[in-house]
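What follows is one structure encoded as structure tokens, with my remarks underneath.
In what follows, chains are A, B, ... by sequence order, proteins preceding strands, each numbered from 1. Values in this document were obtained by computation on a predicted structure and should not be read as measured data.
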Amino acid sequence: MALKLHNTLSGKKEDFIPLDPQHIRLYACGPTVYSYAHIGNARMAVVFDLLAELLKHSHKKVTYVSNITDVDDKIIAVATESGEEIDVITKKYADIYNKDMAALGVRAPDIQPRATEHIQEMIDLTALLIEAGHAYEADGHVLFDVPSFPAYGGLSKRSRDEQIAGARVEVASYKKDPADFVLWKPSSKDEPGWDSPWGRGRPGWHIECSAMAEKHLGLPFDIHGGGADLKFPHHENEIAQSCCAHGHENDITAFAKYWIHNGFVTVEGEKMAKSVGNITLVHDLIKSYPGEVLRMTLLSAHYRQPLDWSTATIEQSKSFIDRLYNILKDIEDVQAEDATIPDDILEALHDDLNTPKAFAALNTLAKEAAAQKSPALKGQLLAAGKLMGLLQQDPNEWLGYGQPGGDVDASEIEKLLAERQEAKASKDYARADEIRAKLDEMNIVIEDTPQGPKWRKAS
RNA sequence: GGCGCGGUGGCCGAGAGGAUAGGCAGAGGAUUGCAAAUCCUCGUACACCGGUUCGAAUCCGGUCCGUGCCUCCA
């Protein structure tokens, strides 16, 4: 089945043709670890997790690399403010990031390189760029010489002149050209720094991804991704660095062949920003909702569309997933067969990750599985769910059946249920309803079935 | 200002020239002592104005709204 992906380079959906069919190589820009991951970080992580899984489904060998940026001026700012050591901060937030993403069903990337572990590679790459005449040293900085790369702007489709015309930020005096960007910058004594041919300093932001992608995947590789906001300047600059360092001044595909960008997340209709005060953290969300619900919410819109994050959409996803687990509960006695994922679901995902369409197909499949109580269909449902990172939990546990949890006393509930049964048997419905109301107060829902009453925790 | 993206039924959200998308919510029904859970039935929507076409939500032009990026924000 052919995979189609929207390539930012062409602005079109293209057939994905691997550079090396024996080994698919994928890179996605990960977070800068100076704070908790927000829902926008999570969207990127979930989308590329799904893409990696999909690739792995149809290719034997796939390497998915997603980095951790652990050297950055924002991190320095946090360290200065809090008094904590930089590596303490980065380690803390990298760990939290990984835990939070795991809660969303994000599988660990095959390689998760850290910027600080690739300083030498960045220095080497920078040196190559100077040698090739694409970078220069000025005022302790090393800058990429943008005019030396005529193809610059090919990804974000903006000419150099447009950028200058629209620039809102004052241009540093040491730049030869306003569009030039930093490869290496000097560090003061109390800033983190590494020795380099240009003195003690630290890398610019863009160079790390060029260095890490090249080291772990080799050039060119198949797919490079990240949030839409990274198109410019980050990805544009990565292309400039990597292509120019290796003599591909005229070929912007010499770094990565397909560029995939996920859309932005807004929160209750507003841009998520510190200034608005609506940064929505995964760390907080997972206290209120199962990670699987959040994952589905993130996948409920096509990845390139803007996604508005709201309580209403989370609740919708929850209702949908609850129903799927209800179906799995209904057919819990059906032994799932080993099964492949149905074509309609695979086709939807292969069509540029059309997750909404895939959910529709998953829904149809679930209904059929419930109606037919078929081992094959149940197997298909679980297999499809697995690929999408969903439906792998125990349905009874998910729905709260027979799971006492810390705050409920199962024996007390059973006692009340028995009492209610007695009341019902003697047609004392007032008493029966009273007991049900009491259980309701305990957050327990009763379901009468032909096999007797069942109870579950309300969610 | 420059370069993009988008406006689909109460809500979310696919589709992209001739269509049952799907979901959530809601209504009615079955079931139930009443509920819960489940099942069945029910929605003819595509911002606006022109145009192309036998036919447009889908193509073209314009308008109006919303929104993203424009040197380190996923």
Roughly how many Å is it from [atom1] in [X] to [atom2] in [N], rounded to a whole number?
X	N	atom1	atom2	value
A/Asp448	B/rU38	CG	P	15 Å
A/Ile239	B/rU71	CD1	P	18 Å
A/Lys373	B/rC39	NZ	C1'	11 Å
A/Lys357	B/rG23	NZ	P	16 Å
A/Gln241	B/rC72	CD	C1'	11 Å
A/Leu328	B/rU38	CG	C1'	15 Å
A/Ile76	B/rC72	CD1	P	15 Å
A/Tyr27	B/rA74	OH	C1'	13 Å

Taking atom types as they are modelled, would you say the side chain of [X] forms a donor-acceptor pair with the base of [N] within the 3.5 Å cutoff?
X	N	answer
A/Arg43	B/rA74	no
A/Asn354	B/rG15	no
A/Gln316	B/rC11	yes

Closest non-hydrogen contact found for A/Gly193 with A/Ser187 is CA-OG, 3.8 Å

Nearest non-hydrogen partners of A/Glu238 and A/Ser210, listed with the distance: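 So the minimum-distance heavy-atom pair works out to O-OG, 3.2 Å.
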
With sugar-phosphate meaning primed atoms plus P, OP1 and OP2, does [X] contact a base, only sugar-phosphate, or nothing at under 4.0 Å between heavy atoms?
X	value
A/Asp73	nothing
A/Leu230	sugar-phosphate
A/Gly40	base

CE-OG distance between A/Met101 and A/Ser66, expressed to the nearest 0.5 angstrom: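 One finds 10.5 Å between CE of A/Met101 and OG of A/Ser66.
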
In this structure, is the centre-to-centre distance between the rings of [Y] and [X] below 6.0 Å?
X	Y	result
A/Tyr93	A/Tyr34	no
A/Trp184	A/His141	no
A/His261	A/His235	yes
A/Tyr136	A/Phe144	no

Could you tell me how far B/rU41 sits from B/rC48 if I compare only their P atoms? Round to whole Å.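 Going atom to atom, P in each nucleotide, I get 32 Å.
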
Dot-bracket notation for RNA chain B, counting Watson-Crick and G-U pairs under 3.5 Å, with | for partners on another strand: (((((((..(((.....[...))).(((((.......)))))....(((((..]....))))))))))))....

Hey, can you pull the residues of [range] with a non-hydrogen atom under 4.0 angstrom from RNA chain B?
range	value
residues 417-431 of chain A	A/Arg420, A/Lys424, A/Tyr429
residues 300-311 of chain A	A/Ser300, A/Ala301, A/His302, A/Gln305
residues 318-326 of chain A	A/Ser319, A/Phe320, A/Arg323, A/Asn326

Per atom distances to the A/Arg456 side chain, the nearest of B/rG33, B/rC72, B/rA37 is B/rA37

Should A/Lys157 be listed as having a side-chain N or O under 4.0 Å from OP1 or OP2 of B/rG2? no

Any A/Asn363 side-chain nitrogen or oxygen under 4.0 Å from OP1 or OP2 of B/rG23: yes

Salt bridge (charged side-chain N to carboxylate O under 4.0 Å, His left out) contacts in which one or both residues fall within residues 93-108 of chain A, not counting sequence neighbours: A/Asp49-A/Arg107, A/Glu53-A/Arg107, A/Lys91-A/Asp95

Under the side chain to side chain donor-acceptor pair (under 3.5 Å) rule, what pairs show up with a residue in residues 363-373 of chain A, not counting sequence neighbours? A/Arg323-A/Asn363

Check the geometry between A/Phe264 and B/rA74 and answer yes if their rings are stacked (centres below 5.5 Å, planes below 30°), otherwise no. yes

Select from A/Asp180 and A/Asn41 the residue whose nearest nucleotide in RNA chain B is closer to the 5' end of that strand.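 Closest to the 5' end, via its nearest nucleotide, is A/Asp180.
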
